[in-house]
Colleague: 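Below: one structure in structure tokens.
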Amino acid sequence: MEFTRAPRLHQALKATVVVLVVLGLAVTALVATRQPAHAAAPGHGYGAWDDRIGWQGGFVAPDGSVVYCIEPGVSNPSGATTSGGHQSSVRSDSPFGSRTLTSNDLARINYLVTEFGQSASNREAAAVSFAVKYIANPGAMFNSHSWNGTWDLPGYVNWVLHGTIGGAEAGAVATRAQDLITSASTVTAGPAGGGSGSLTFQVDNFNNYRGTITMAGTAGATGTVALTNGVFTTTGSSSLSGMRANTPYPVTGVPPTEDGAPYKISGTGTFTVAGTGWEGAVHVWNTGNQQVTAGPGPRSATQFNVAGTDPTDRSVLFSPALSTTATAYVQPGERATDTLTFRTVPDRAGLNNSWPRTADGSYRVVNAEGTLYGPYADQPAESETVPVDARVAGHATVSTLTAGGPTVSYAATSEEPVDAAGYYTWVWDIDYDNQSAITRMYLPDDYSFTDSFGKTVETSITPMRFTVDTEVVDKEVLLSGAAADTATVTTDGLWLQQNGENVPVVARWDAYYDPRAAADIEEVAGTEIPGEAVYLGTHTEIITDNANVSTPTTVEDGAIRVPASGEGSIVWVFSILRTDQGDTAGYVVDVVDNYGVPSEISTILQPTVTTRASAGGRVGEGIFDTAIVGGHLPANGAQLTFDLYRVPMVQEDNGAWAVDYPTMDEKGDPILDDEGNPVAFDSGDLSWVCSPENLVVSDTDTVGTTVSENGDYQSFTHELEENGKYLWSEKLWSIPGTDEDGDPVGERELIHAGECGVAEETSFALDVKTVVMSETGASTGIEHGVSVWDTAALTGYVPENGRVNFEAYLVPDGTTVCTEENLAWTSADVPLDGGLYDAERPLEVKSETHMFNPDVDSTLYFVAVTYDELGREVNRGACGDPDETLSLKGQKLIATGGEFTPLIVGSAAAALLAGLGIFLGVRRRSRH
């Protein structure tokens, strides 16, 4: 028995007690030695045969074996000891706690007391004693001997034995005890009496190649099994190690012959029971109510042999079959293809054996024959047999490969190409008579497989091809008007169906604007649209049969609208495209009309605009422009606007005026030519004038004048405020469309713009002051034979290459009428030096002299007329202008002798002097 040490304060008393106890034990031992042979005796170890330190070692059992305590804190077995035999159910009862030992606990104690406990070494025996108690009841052990209860084996051993054998030896005992505990920790209990079992096979009734093998026997046993005529499915090997008892393992049969004969799988094996060779039992020795001890227990056998065979024969017959997936679509002229996948199917009894293989793993070859039927307008109805009227479209054969057998797919191709549109369906056969002799050994007699007719997955579609004739509705179209096209669509065979209804086909027209004339457009593929072409829009129609179809013909109905501006053509491209068909894309072959087909081109008709501006006027008068609109107006009319520009002028150092040609652009950068030099404008080139900085007035920001029919349209009238040269520019615009509310949609587009700087579009602000002259200086009473002429001073802009003519009208006195009837004379052309002249430096010109000799007193009116280079009348003097009027005397006659003789007034000299005086007087007045 083990107790806790007493406190030091009572050591004297304890010493006395110890002496008495030792003496008592000595007497007891002496008496015990005289007991019969079945009394236990101390063996090797350390400690004391007392209830304080106790014996930490082995005890010699009556049969001579060394046994060890398994109940910490219980008295030494000093009484009569009897054998309890081998026991596998043991309980450790202790004042410090009880515990039932497990099988593994008992196997480990069995291992320790048998392998190490029979030692003659005190240290070894003491170590075994501590190790056995640690395994049997550690909680009770660490609470005995007044230890503090912590599971500290070195500390505990030192506490118990230090006073007896010293710290060094106590430490050695503890180290060895720990080693023994560690060694025993790997020991597991084996079954009592070893193991036994047999191999049992199960044959799969649905695939005789398959099944399972089970070693039915001792639980926990593992071993190795070798098969005959079979392999383990998971490894493909005929042997398998590590098999566990009572666990089924899948096996696969390997027929021993290649003649189709039935066979059986058999097997043999060796198994090892669980555990490390030690039974979970010890030899128990009882000593009344004293310590129970444990001695060596039985060993456990570790191996046993097993064998077994199939309960029934395994068949090798199989039923080959196949399934196919045809290509969804076969283009006309191509060969139909089908993809075959082979498999096995159950026979009438449900047996579905695997595909047979040879000893080297090669698959048996199976031949299949396919027949292609068609064409059909719709998917043919599925049936078990082929209709008697089915049309054969092709054949194909396939043989499986020895390497892949049913594990790979096979592509079959029809021997004949298909051409007509329609549905084509395959039917495949595997016939006993078409197989090799060796393959027939593995087939049921007269075996045959045929798949169904009309399966969707075995059906291919050859798409429809179309013939298309196209022609525009109108060869000429108006700006902003409707453009339309027509097409006659015909399929070359069957119109494909779905569920009895013709498949709808989407036809499309793509419209393009091409700035080129129709004659200049080359025909190219409709998939290669030229870079010049501008896409306008697309119209689609759904057709379900051969038909004549058209795009809408009015804008209101959705027709393609011709651009609002631009010369050129509308070009159509008709097509039927798979990309437009949605789910039925494979039912058609793409057809795309060429771009530039003559029948698919409409010419865009254009309006024409010519102009004639008023030639000019004086400051304060009005100038205007007139546009003559002809040709073909846009479908919805047009808008006409006018811009008026003034040519900028600059006064030079000598006072003369010159055109102010630009040297900088709108960004302030110099205007340079291609060589980087300042641009030198050609004389008369005024194309640059029509820019915002030179704009005088415009109605472009308004709608201008709406033009709905051909005719003459006058611009606004501009009152001249400044002399100069004015340039007109007309613009013809499209009229934007309107929405449902009548509001404009989009911006108007420029159809036509007049050229800047042309002579016809030039107006001159010019004033002409004229004074008639006579050689006598008189303006009245002009006699016959007196020369007169006209003078003009021009201020404003004088037309380049212009001229002045002076017209003289002779009328009776008292009449102020200037008509062609009284036009008496026109001067020769007086060329003009064009340019801007101000009042300080007018351009002065005069006519040649002329004499007028009227018969009667008359009035002579001069009118100066200024023309530009086009002959337009820029300025005309007023008829009756006092400065342009002369009074002429008629010729006086005297009758003498029947003849009229001129009568010269007697005072001719006086009259001459008087005329001279008048002339001088006029000259003096002109100097004022």
Side-chain angles (χ1 to χ4, degrees), residues 1-2 25 28-45 47 49 51 54-95 98-120 124-137 140-141 180 184 187 189-194 275 277-301:
M1 187 174 184
E2 301 161 355
L25 291 174
T28 302
L30 181 61
V31 173
T33 58
R34 294 189 175 96
Q35 294 298 317
H38 56 268
H44 294 282
W49 195 263
D51 289 335
W55 185 247
Q56 308 303 324
F59 299 90
V60 179
D63 65 353
S65 64
V66 180
V67 298
Y68 290 84
C69 295
I70 60 172
E71 294 180 328
V74 178
S75 298
N76 291 324
S78 58
T81 300
T82 60
S83 172
H86 293 162
Q87 295 185 21
S88 58
S89 178
V90 178
R91 181 179 175 83
S92 170
D93 291 317
S94 167
S98 299
R99 180 176 179 274
T100 299
L101 277 64
T102 67
S103 295
N104 284 340
D105 291 338
L106 294 172
R108 290 164 187 169
I109 293 173
N110 186 6
Y111 163 71
L112 290 178
V113 299
T114 302
E115 291 293 310
F116 307 101
Q118 307 308 306
S119 172
E124 185 79 351
V128 171
S129 174
F130 283 110
V132 168
K133 288 182 287 186
Y134 180 92
I135 293 170
N137 198 341
M141 182 184 78
L180 292 173
V187 174
W278 302 94
E279 285 192 25
V282 294
H283 191 159
V284 175
W285 294 87
N286 299 302
T287 309
N289 61 354
Q290 294 178 334
Q291 182 69 245
V292 174
T293 56
R299 298 296 293 266
S300 175

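Bear in mind that the values here come from a model prediction, so they are computed numbers and not experimental data.
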Colleague: Can a side-chain donor-acceptor contact be found between Ser78 and Gln290 if the only test is distance below 3.5 angstrom?
Modeller: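 Side chains of Gln290 and Ser78: pair found under 3.5 Å.
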Colleague: Are Trp285 and Asp63 side-chain neighbours, meaning at least one heavy-atom pair lies under 4.5 Å?
Modeller: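 Trp285 vs Asp63: side chains touch.
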Colleague: Can a donor-acceptor pair be found, under 3.5 Å and without considering hydrogens, that links the side chain of Ser88 to the backbone of Gly280?
Modeller: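 Not confirmed, Ser88 side chain does not pair with Gly280 backbone.
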Colleague: What heavy-atom pair brings Val67 and Gly295 nearest, and what distance separates the two atoms?
Modeller: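 Taking every non-hydrogen atom into account, CG1-CA, 3.6 Å.
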Colleague: With a 4.5 Å heavy-atom cut-off, do Ser129 and Trp55 have their side chains touching?
Modeller: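 Sidechains of Trp55 and Ser129: no contact.
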Colleague: Strictly distance-based, threshold 3.5 Å: is any side-chain N or O of Asp105 a donor or acceptor partner for the main-chain N or O of Ala136?
Modeller: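 No, Asp105 side chain to Ala136 backbone: no donor-acceptor pair under 3.5 Å.
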Colleague: Do any N or O atoms from the side chain of Asn110 and from the backbone of Gly297 form a donor-acceptor pair under 3.5 angstrom?
Modeller: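 Between the backbone of Gly297 and the side chain of Asn110 there is a qualifying donor-acceptor contact (under 3.5 Å).
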Colleague: Where is the tightest heavy-atom contact between Val74 and Gln291, given as atom of each residue plus distance?
Modeller: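 Minimum heavy-atom contact is O-NE2, 3.1 Å.
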Colleague: Got a donor-acceptor contact below 3.5 angstrom from the Gln118 side chain to the Val113 backbone?
Modeller: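 The answer is yes, because a donor-acceptor pair under 3.5 Å joins these two groups.
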Colleague: Report yes or no: does Ser94 contribute a side-chain atom to a donor-acceptor pair with the main-chain N or O of Pro72 at less than 3.5 Å?
Modeller: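 Checking the backbone N and O of Pro72 against the side chain of Ser94, a donor-acceptor pair under 3.5 Å is found.
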Colleague: So, using side-chain contact (heavy atoms from CB on, under 4.5 Å) as the criterion, who are the partners of Leu106 when residues are at least two apart?
Modeller: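 Partners of Leu106 under the side-chain contact (heavy atoms from CB on, under 4.5 Å) test: Val90, Leu101, Val282.
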Colleague: What are the two closest non-hydrogen atoms of Asn286 and Gly84, and how far apart are they?
Modeller: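 Taking every non-hydrogen atom into account, ND2-CA, 4.1 Å.
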Colleague: Can you tell me if Asn137 uses its side chain to pair, donor with acceptor, with the backbone of Glu71 under 3.5 Å?
Modeller: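 Absent.
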Colleague: Decide yes or no for Leu180 and Tyr134: does some side-chain heavy atom of the first lie under 4.5 Å from some side-chain heavy atom of the second?
Modeller: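 No, too far: nothing below the 4.5 Å cut-off.
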Colleague: Could you go through Ile109 and Tyr68, starting from their C-alpha distance and side-chain angles, then the distance that decides it, and tell me whether this counts as side chain to side chain contact (heavy atoms under 4.5 Å, CB included)?
Modeller: CA-CA 9 Å; Ile109 293 173; Tyr68 290 84; over 6 Å; no
Colleague: Over all heavy atoms of both residues, which pair between Leu112 and Ala131 is shortest? Give the atoms and the distance, please.
Modeller: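 Reported closest heavy-atom pair: CD1-CB, 3.9 Å.
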Colleague: Can you give me the closest heavy-atom contact between Trp49 and Pro77, atom names plus distance?
Modeller: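 Scanning both residues, the minimum pair turns out to be CZ2-O, 4.2 Å.
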Colleague: Strictly by salt bridge (charged side-chain N to carboxylate O under 4.0 Å, His left out), give each pair with a member in residues 75-93 just once, sequence neighbours left out.
Modeller: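 Pairs touching residues 75-93 that pass the test: Arg91-Asp93.
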Colleague: According to the interplanar angle, ranging from 0 to 90°, do the rings of Tyr111 and Trp278 count as parallel (below 30°), tilted (30 to 60°) or perpendicular (above 60°)?
Modeller: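 Correct class here is perpendicular.
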Colleague: Has the side chain of Ser65 got a donor or acceptor atom that lies under 3.5 Å from a matching backbone atom of Ala61?
Modeller: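 Not confirmed, Ser65 side chain does not pair with Ala61 backbone.
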Colleague: Could you report the tightest heavy-atom contact between Pro296 and His283, atom names first, then the distance?
Modeller: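 Here Pro296 and His283 meet closest at O-CB, 3.3 Å.
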Colleague: Could you tell me whether the side chain of Arg299 and the main chain of Gly277 form a donor-acceptor pair under 3.5 Å?
Modeller: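 Pair found, side chain donor or acceptor close to backbone of Gly277.
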